[in-house]
Amino acid sequence: MQYFSKIFDWKTYIVTALAVISFSNFMAVLFGHTIPGIFLTFFKVASEYVILAAVFLFALTWLLRAKPHNRPKNYYIVVFDIFGKKSQINGIRTEFKTHDVAWSFMKQYKSEYPLHNFALVSDLPRSDKPTIFRYI
């Protein structure tokens, strides 16, 4: 009988209840705060590195593709007749410093002289022949 009285003693239940409560509290803190905090910190740092690598890769590809262009210093308009041979029209301007001005004059000449074709040409540094930029 004494054995049964030990089983039903209230001190045993209190110790067991305290052990279960403390263990469950430990597990709740472990799985509720510690482990998720470790994973969140890891993924936050990892995402920062992924974003940094993407920005660096974008900047590197942009720098490699956006090479400085060697723009020509002078542009020329070459006149062709209806047979495709070079010809000259007296009184027109043929040398220009900028591409846009030369293109504008070329469009105006095409409207004034519809039987002629015009080419916007320039000498590039690494080329033996003149390069045609536009042709109308």
Any chance CD of Glu48 has more than 12 other-residue heavy atoms, nucleotides or ligands included, within less than 6.0 Å? yes
Exercise: identify the closest heavy-atom pair between Asn74 and Tyr76: CB-OH, 3.7 Å
Between Tyr113 and Val79, does a side chain to side chain contact (heavy atoms under 4.5 Å, CB included) hold up when you go through it step by step? CA-CA 10 Å; Tyr113 305 101; Val79 181; over 6 Å; no
Do the ring planes of His99 and Phe133 sit parallel (below 30°), tilted (30 to 60°) or perpendicular (above 60°)? perpendicular
Test side chain to side chain contact (heavy atoms under 4.5 Å, CB included) on Phe42 and Ile38; report intermediate values, then the result. CA-CA 6 Å; Phe42 169 75; Ile38 291 171; 5.5 Å; no
For Leu30 and Pro36, work out which heavy atoms get closest and say how close. O-CD, 4.1 Å
Can Phe31 be reached from Phe26 by stepping across I, L, V, M, F, W or Y side chains whose heavy atoms are under 4.5 Å apart? yes
N/O donor-acceptor pair under 3.5 Å between Lys110 side chain and His116 backbone: yes
Value for CD1 (Ile89) from CZ (Phe118), rounded to nearest 0.5 Å, stands at 4.5 Å
Quick check: closest heavy atoms across Asp123 and Pro72, and the distance to 0.1 Å? O-CB, 4.4 Å
Heavy-atom count around Arg65 CZ within 6.0 Å, excluding the residue itself: above 12? no
Would you say Ile132 ends up clustered with Leu120 if hydrophobic residues are merged whenever their side chains have heavy atoms under 4.5 Å apart, either directly or through other cluster members? no
Nearest-0.5 Å distance that lies between atom CE in Met27 and atom CD1 in Ile35: 7.5 Å
To the nearest 0.5 Å, atom CD1 of Ile14 lies from atom CD1 of Ile21 at 10.5 Å
If you compare all heavy atoms of Ser122 against all heavy atoms of Tyr75, which two are closest, and at what distance to 0.1 Å? CB-CD2, 3.9 Å
Could you tell me which non-hydrogen atom of Ser87 sits nearest to which non-hydrogen atom of Phe80, and how far apart they are? OG-C, 4.0 Å
Short question: side chain of Tyr109, backbone of Arg93 - any donor-acceptor pair under 3.5 Å? yes
Check whether Ser47 reaches the backbone of Phe43 with its side chain - one donor and one acceptor, N or O, closer than 3.5 Å. yes
Rounded distance [0.5 Å steps], CD1 in Ile77 versus CD in Glu95: 10.5 Å
Between CZ of Phe83 and CG of Leu115, what distance do you get to the nearest 0.5 Å? 10.0 Å
What are the two closest heavy atoms between Ile136 and Met106, and how far apart are they? CD1-O, 3.7 Å
